[in-house]
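Naming: A, B, ... by sequence-line order, numbering from 1 per chain.
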Amino acid sequence: MYNKKIDEKWQKKWEETNIAKFNKENIGKKYYCLEMFSYPSGAKLHVGHWYNYGPVDTFARFKKMQGFEVFQPMGFDAFGLPAENYAIKTGIHPYDSTMKNIETMEKQLKEMGAMFNWDSEVITCKEDYYKWTQWLFLKLYERGLAYRKKANVNWCPSCNTVLANEQVIDGLCERCSSVVTKKDLTQWFFKITDYAEELLSGLDELDWPEKTKKIQTNWIGKSTGSIVTFDVENSDLSFDVFTTRVDTLMGVTYVVVAPEHEIVPKITTKSCEKEVNEYIEKCKLIKEIDRLAENREKTGVFTGSYAIHPITKARVPIWIADYVLATYGTGCVMAVPAHDERDFEFAKKYKLNLKQVIIPKMIGEEKSDLKDKFKFEELLDKKAYTEKGILINSGEFDSLTSEEAKEKITKKLKSINKGDFKVTYRLRDWLVSRQRYWGAPIPVVYCEKCGVVPVPEKDLPVKLPYNVEFKPDGKSPLAKSEEFVNTVCPHCGGKAKRETDTLDTFVCSSWYQFRYPDNKNSEKIFDTDWIDKMLPVDKYVGGPEHAAMHLLYARFITKVLRDAGLTKVSEPFKSLVHQGLILGPDGNKMSKSKGNVISPDDYVEKYGSDVFRMYLMFGFSYVEGGPWSEEGVTSMSKFVSRLQRILETINSLGNNEKTEYTKSDKDLLYVFNFSLKGIIADLEQMQFNTAIAKIMEITNALYKYVANVKEQEQNVKLLKEIAIKFIQVISPFMPHFAEEMWSIYNMPFSVFNTSYPIVEEKYLISDTIELAVQVNGVVRYKIIVPSSADETEIEKIALEHERLKDYLVNKTIKKVIVVKSRIVNIVIG
RNA sequence: GCGGGUAUGGCGGAAUUGGCAGACGCGCCGGACUUAGAAUCCGGUGUCUCACGACGUGAAGGUUCAAGUCCUUUUACCCGCACCA
């Protein structure tokens, strides 16, 4: 009986024979199959890990048997907040808890029996890895892609520390639930915005889920519009605004500048100074929780200054308001209350003017009443007209369509040097500083004389000290280590202080796919020639939650490495799949508090890892996931036993040889080859559930044969041949079980060194085929036709059927549609 | 608010891409084996109807010889972004 003992037996043998070994000689057939590595925060592997790694291992083994040289590495994303928070709570050092977790997880991963290349393991918190993470930082710095800037960051006034975005839950601190505010701090950024256009256009060529591409597209947020320059009245100052609706330019009645904008103090008049300063202070203190609130009422104040409309030369008041974001576009907007809802709302509140310049485009006379509907007077108590249309009240631009006007107005602005076409992105630069202990130190020192000095490559890694007070008290933990902070300037040799922030863990995981194939390289981050042969990753599988974070960062870093001449690869992950989420039996997300957590270990112990893996593959559509079912596991256990019984029965039959195949033999060969064809197609698309359904069909056909064909008529030789092939077919799905069956059939170790069976098309062809015949679209009877029959012959056979007469009473045949090897439809009336 | 996705028996889920809806499995019903049960093996199982047959893929229309699949409208739930000018 298949059980955990059998798992252990074959795992041992696989390890001894190093079955997962990657043969570099065979690089021409390489297949880089990658699963997102584990985050060792919890002590154990959960169902989610299994659901990612188990089925993908099935896929990888299938690829191996197809003749590919499979590279399937595994590692640990070991830096990060949970380990540190755990340390704060328990006093156990993050290094110790992380290493202990990794040890447990490695053991569990081995019990899974996946074909991982453990030789290539990477652990991001180890010096030999983070040395190169730091090196990468220096490379970005060298290329002007890492820079320091004052940033408005999340601040918890109770913990007295900066929080990462992920630590802010609905505007509250994840640890103490205090209301989070904003604070200006100098932080390190990566200039991902330099790559915005390529990150966007590169999506086209990727074999990724459309949804994921859409998320990245929205995240990058390209928007095409115009830039318009407004001069400040009685001053030589001017400022730019970005707009996608320059066709409404003639409707501008005021302009708004973000409160943080540098021009604000320069244009604020004496009489407005007090009010403006108070407003700016208020904005700084605004709580994150309030900022996130829906339908927040807009506020703002007048600066006292006026801007000059670039075309009409009209005076328009300059306001500041926090509905204008300093971080998007130019931080200034032109306000057209008649045609923008936000401006409309603001203008109504502060009694600012409206000017309508767009009316709906008329389609025929009957809609002319629309003209009245959008009359200026009514706009005030209704809402803005934000659709495109025809220009009015716009002087030389009257009667143009919105699209024509955008073109003409921008060109006009360009000619008088007051504007141009402009593309803007929503994507912001990547803030990589973390005021945390458990991460890779940022390799930079601050010298009194030389300023910011990068740590020279020869001094890497900047080691993360072990003995540090990591409990939060308002300072970065590393800042409290005198030994760490105080150093000498690599440039002038004078006194200097180290950067005490660490890198966001997403930096560590943004390049690991390059390190796996060359993980022991102590000279370089990786060998370029070798990496260019191994990359890109052919199949990448992991959860969809990383769509806009990890997957975007990894693409960005890849392009940076390429531009630095370290690789020729532009996209790291050619093909991407997201597995679904396994929910608790109650249909809710698994959580300790709900008490609905399923522990893989219990099932592996009871049924063996193959049964557990098979259930995960069969019970759900892979990309959907769904609720856990206890019956599902037991039924899978029963199926594996049933499969074992028939394989053992066939093996025990006495040999006989029949020279000719009977109808039963041919039927069996048909089912086997037809199902095999489907299994191969399903595996290619990671449709594990339907592939296993077909394995069950083969199993059922074998039972049927043994039960229905008289013993002396059974073709045992054929049965055994099919059984042996069948073991090969199932081996990627049930690796331990298949290896055991393989040995029972006296086949030489290992089944994974054999080729996956090939469909024998000759057994799929039969002399006749059955076709359904519809009358007016409803199936009424079936006909048997020679498989060689053409449309005319099929039609003839279909029309000869006596059942048709019943339907033809008082009716005549109007049309006959014959779709070869599909269907016949007889239209009567 | 914007963008994306999903909806199929009692349940998990299929459907060669417009061609026999419900593969495969669970559950349920029946039979065989058994002193008995468990296990196992075999058969049945969308709904309504005694049956002929009719109806049936969230809802309502439409295109087509033919629609779960395409088009229009709509509802519910899930996910992403959210004052992005």
According to the Watson-Crick and G-U wobble definitions, with both distances under 3.5 Å, which nucleotide is paired to [N]?
| N | result |
| --- | --- |
| U45(B) | G27(B) |
| A21(B) | none |
| A32(B) | U40(B) |
| A82(B) | none |
| U6(B) | A76(B) |

Distance in angstrom units between [X] [atom1] and [N] [atom2], rounded:
| X | N | atom1 | atom2 | result |
| --- | --- | --- | --- | --- |
| H578(A) | C79(B) | NE2 | P | 16 Å |
| L427(A) | C81(B) | CG | C1' | 13 Å |
| F733(A) | G25(B) | CZ | C1' | 15 Å |
| L583(A) | C77(B) | CG | C1' | 14 Å |
| L581(A) | U6(B) | CG | C1' | 15 Å |
| W219(A) | C81(B) | CH2 | C1' | 8 Å |
| E545(A) | G80(B) | CD | P | 10 Å |
| M696(A) | G25(B) | CE | C1' | 6 Å |

Check whether any side-chain N or O of [X] sits under 3.5 Å from a backbone N or O of [Y] as a donor-acceptor pair, and report yes or no.
| X | Y | value |
| --- | --- | --- |
| N689(A) | G619(A) | no |
| H550(A) | F506(A) | no |
| T690(A) | Q687(A) | yes |

Sorted by position of nearest nucleotide on RNA chain B, 5' first, the leading residue of M334(A) and I823(A) is I823(A)
When we call it a touch if two heavy atoms are under 4.0 Å apart, what does [X] touch: a base, just sugar-phosphate, or nothing?
| X | answer |
| --- | --- |
| E341(A) | nothing |
| S629(A) | nothing |
| T634(A) | nothing |
| K814(A) | nothing |

Between [N] and [M], how many Å separate the two [atom1] atoms, rounded to a whole number?
| N | M | atom1 | value |
| --- | --- | --- | --- |
| C2(B) | A59(B) | P | 26 Å |
| C78(B) | U73(B) | C1' | 22 Å |
| A23(B) | A14(B) | C1' | 5 Å |
| U8(B) | G22(B) | C1' | 8 Å |
| A85(B) | C70(B) | P | 31 Å |
| U47(B) | A51(B) | P | 12 Å |
| G18(B) | C28(B) | C1' | 35 Å |
| C20(B) | A66(B) | C1' | 12 Å |

When you check the glycosidic angle of G37(B), does it come out syn, meaning within 90° of 0, or anti? anti
For U17(B), measure the glycosidic angle (O4'-C1'-N9-C4 for a purine, O4'-C1'-N1-C2 for a pyrimidine) and name it syn if it falls within 90° of 0, otherwise anti. syn
Counting only side-chain heavy atoms from C-beta out, which of [options] sits nearest to [X]?
| X | options | result |
| --- | --- | --- |
| Y328(A) | A85(B), A82(B), G4(B) | A85(B) |
| V324(A) | A85(B), C20(B), C83(B) | A85(B) |
| V819(A) | C65(B), G19(B), G3(B) | G19(B) |

Flag the pair [X] / [Y] as yes when their ring centroid distance falls below 6.0 Å, and as no otherwise.
| X | Y | result |
| --- | --- | --- |
| Y615(A) | W50(A) | no |
| W430(A) | Y553(A) | yes |
| Y607(A) | Y2(A) | no |
| Y763(A) | Y670(A) | no |

So if I define the base as every atom that isn't primed, P, OP1 or OP2, how would nucleotides 38-55 of chain B read as a B/S/- string at a heavy-atom cutoff under 4.0 Å? --SSSS---------SS-
Taking the cut-offs as 6.0 angstrom to the six-membered ring centre and 45 degrees off its axis, would you call R426(A) and Y328(A) a cation-pi pair?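 So R426(A) doesn't make the cation-pi contact.
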Could you tell me whether K298(A) sits above the aromatic face of Y323(A), with NZ or CZ closer than 6.0 angstrom to the six-membered ring centre and within 45 degrees of the axis? yes
Can you find a donor-acceptor N/O pair under 3.5 angstrom joining the side chain of K298(A) to the base of C83(B)?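 Such a pair is found, so the answer is yes.
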Is the base of C20(B) touched by the side chain of K782(A) through a donor-acceptor pair closer than 3.5 angstrom? yes
Scan side-chain atoms only and decide if N353(A) and T253(A) contain a donor-acceptor pair under the 3.5 Å cut-off. no
Salt-bridged, K406(A) to E403(A), with N to O below 4.0 Å?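 Here K406(A) pairs with E403(A) in a salt bridge, since their nearest N and O are under 4.0 Å apart.
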Side-chain donor/acceptor pairs under 3.5 Å, residues 813-821 of chain A, sequence neighbours excluded:
none

Check the interface with nucleotides 8-17 of chain B: list each N/O to N/O pair with the protein under 3.5 Å, or write none.
| residue | atom | partner | partner atom | Å |
| --- | --- | --- | --- | --- |
| G12(B) | O2' | G619(A) | O | 2.4 |
| G13(B) | OP1 | G625(A) | O | 3.1 |
| G13(B) | O3' | N689(A) | ND2 | 3.1 |
| A14(B) | OP1 | S621(A) | OG | 3.4 |
| A14(B) | OP1 | N689(A) | ND2 | 3.2 |

